[in-house]
Amino acid sequence: KETFEGQQVLRITAVNEAQINLLKELSANEDLGLDFWMEPVDESLPVDVRVPFHSLQAVRAFLGYHEIHYEIMIQDLQDLLDEEQREMMKLKAQPRS
Amino acid sequence: SDDYNYAIYHTLNEINSFIDMLVQENPGFVSKIVIGKSYEGRPLNVLKFSTGANRPGLWIDTGIHSREWVTQASGTWFAKKIVTDYGRDTELTSILKNYDIFLEIVTNPDGFQFTHTSNRMWRKTRKPNSGSSCIGVDPNRNWDAGFGGPGASSSPCSETYRGPYAHSESEVKAIVDFVKSHGRIKAFVSIHSYSQMLLYPYGYTSTPCKDNAELHEVAGKAITALKSLYNTQYSYGSIITTIYQASGGTIDWTYNQGIKYSFTFELRDTGRYGFILPASQILPTAQETWLALMAIMKHANNNPY
């Protein structure tokens, strides 16, 4: 089972087409293992990307260097998935009224 | 099915058991059609809600991207809603007097099973790609509508890999064959998440579709109905103008088959949880989406073609 400890989902806000193009370059780099939940398309739309732990440093450096604004949408993906699983188990265990 | 817990996420087996239960409870109204098999051999189950023979049809599918769990959960709730409201809600009863409703809840069962067992983030189908170690095709890039154009990837390792050829995926081909053999599907709604949008063709070209004005009007009515419940904000428009260029998309193909009322939903949220929407939001999401679906089906019912 694939787990996602330390993985983060970043919400990136591009301010112009140049930054969108830089993000498209990033998405083309398959070594980083990025999973774009919302693709870089246009500065009017946010870009959401799931970043494997091993690429976090590089991606943050890239965004910092190019002064591309981002926020952390999900701090640790595995924590959220663990919560989802707990919820499923807990609510299944509850007898239906 | 009254005791089924619609407010939590369920496994593939639980959803398939629900489907069989609903059929059992509603003989003569609800039936199950197996339109094909997934790559790994799982049945592609479609619920049919019918009150008479030889009716034109309205199609709804959820879960074509397997990790979008709120869509399969919403589809389950829609199924129960149809059964509960038929004979009570005058609009739905009128719709079902003139149309059959077809609902495919788990449109990508292999991927969905994989999200429960191995990788919660899985989106695509699970068919291996010859010559590559990467698995799966994006089933929303595999349709014969602008197939292979910009807005899909030719790399099997990409999340938007279009596949080796149009309709290469059995999960897609099964729907293609069903729509063609039925021949009288009049509305087609494919439900995704997330980003809260209601979209209509085209995605593969910036040329407006010939019914652009009407579809824009219907989408506006639908999201107004949706918003009336919990004030959830949606944007709407054609795929290419609202999100991005996407080739080989489902509703571009259905529209080009002559199914005028072709829409795609992107459900909650706007970007707090993304695909990991808390189960507490399943019911409000399904309830508000149903109002939009009813607006679309009502328009189709009032504007036969």
Side-chain angles (χ1 to χ4, degrees), chain A residues 1-5 7-14 20 23-24 27-52 70-97, chain B residues 1-11 14 65 67-70 73 114-124 132 134 151-153 155-160 192-197 235 239-246 266 269-282:
Chain A
K1 182 153 188 163
E2 181 131 3
T3 59
F4 304 89
E5 284 81 5
Q7 294 203 22
Q8 293 189 331
V9 178
L10 306 183
R11 165 147 289 195
I12 304 170
T13 314
I20 286 289
L23 293 170
K24 284 180 178 174
S27 75
N29 182 335
E30 289 184 355
D31 297 339
L32 291 170
L34 301 181
D35 172 15
F36 279 84
W37 287 11
M38 289 185 73
E39 301 268 349
V41 173
D42 180 280
E43 54 266 32
S44 64
L45 290 170
V47 176
D48 295 345
V49 57
R50 171 170 66 90
V51 185
Y70 71 91
E71 288 158 12
I72 299 174
M73 176 175 153
I74 297 176
Q75 187 74 30
D76 184 305
L77 184 55
Q78 191 57 46
D79 287 349
L80 202 52
L81 295 179
D82 292 343
E83 172 60 26
E84 182 178 73
Q85 283 299 313
R86 277 194 296 273
E87 184 95 345
M88 274 175 82
M89 294 310 136
K90 180 183 75 180
L91 287 167
K92 272 185 194 149
Q94 266 174 11
R96 296 289 297 156
S97 61
Chain B
S1 59
D2 291 343
D3 291 340
Y4 186 85
N5 190 343
Y6 298 90
I8 66 173
Y9 291 115
H10 288 273
T11 65
E14 288 164 347
H65 283 149
R67 63 183 173 187
E68 299 165 5
W69 278 15
V70 70
F114 198 70
T115 61
H116 280 274
T117 57
S118 308
N119 180 345
R120 170 70 177 81
M121 289 291 104
W122 193 261
R123 160 190 169 101
K124 302 192 286 184
S132 169
C134 292
S153 171
S155 161
C157 298
S158 166
E159 292 291 357
T160 57
H192 294 250
S193 77
Y194 63 97
S195 63
Q196 293 176 199
M197 293 177 177
S235 54
I239 297 167
I240 196 163
T241 59
T242 311
I243 294 196
Y244 45 41
Q245 183 165 23
E266 292 283 354
D269 67 6
T270 54
R272 169 64 193 87
Y273 299 99
F275 302 119
I276 326 292
L277 196 70
S280 58
Q281 292 199 41
I282 292 172

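Chain A is the first sequence line, chain B the second, and so forth, proteins listed ahead of strands; every chain is numbered from 1.
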Heavy-atom distances under 4.5 Å only: say whether [X] touches chain B with side chain, backbone, both or neither.
{"X": "A:F36", "answer": "backbone"}
{"X": "A:L45", "answer": "side chain"}
{"X": "A:E83", "answer": "neither"}

In the structure I gave you, are the side-chain heavy atoms of [X] and [Y] within less than 4.5 Å of one another anywhere?
{"X": "B:N119", "Y": "A:K1", "value": "no"}
{"X": "A:E39", "Y": "B:T160", "value": "yes"}
{"X": "A:M88", "Y": "B:H116", "value": "yes"}
{"X": "B:Y9", "Y": "A:E87", "value": "no"}

Using heavy-atom distances under 4.5 Å, tell me whether [X] contacts chain A through its side chain, its backbone, both, or neither.
{"X": "B:S235", "result": "neither"}
{"X": "B:S193", "result": "neither"}
{"X": "B:W69", "result": "side chain"}
{"X": "B:F114", "result": "neither"}
{"X": "B:Q245", "result": "neither"}

Open item on the list: Can you see whether A:E2 engages B:S118 through a side-chain donor-acceptor pair at a distance of less than 3.5 angstrom?
Closed with: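 The criterion, which ignores hydrogens and geometry beyond distance, is not satisfied for B:S118 and A:E2.
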- [ ] With side chain to side chain contact (heavy atoms under 4.5 Å, CB included) as the test, would you mind laying out the steps for B:Y273 and A:M73 before giving the verdict?
- [x] CA-CA 7 Å; B:Y273 299 99; A:M73 176 175 153; 5.9 Å; no
Open item on the list: Please determine whether side chain to side chain contact (heavy atoms under 4.5 Å, CB included) holds for the pair A:W37 and B:R67, giving the CA-CA distance in whole Å, both sets of side-chain angles, and the decisive distance to 0.1 Å.
Closed with: CA-CA 11 Å; A:W37 287 11; B:R67 63 183 173 187; 3.8 Å; yes
Open item on the list: Applying salt bridge (Lys or Arg N to Asp or Glu O under 4.0 Å), can you list everything that pairs with A:D48, at least two apart in sequence or on another chain?
Closed with: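 So A:D48 forms a salt bridge (Lys or Arg N to Asp or Glu O under 4.0 Å) with A:R11.
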Task: Partners meeting salt bridge (Lys or Arg N to Asp or Glu O under 4.0 Å) with A:E43 (sequence neighbours left out) - done: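 For A:E43, no residue satisfies salt bridge (Lys or Arg N to Asp or Glu O under 4.0 Å) once neighbours in sequence are set aside.
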- [ ] Decide yes or no on side chain to side chain contact (heavy atoms under 4.5 Å, CB included) for A:L77 and B:I276, but give the supporting numbers first.
- [x] CA-CA 9 Å; A:L77 184 55; B:I276 326 292; 4.1 Å; yes
Open item on the list: Could you measure the distance from the CZ atom of B:R272 to the CD1 atom of A:I74? Nearest 0.5 Å is fine.
Closed with: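 So the CZ of B:R272 and the CD1 of A:I74 are separated by 7.0 Å.
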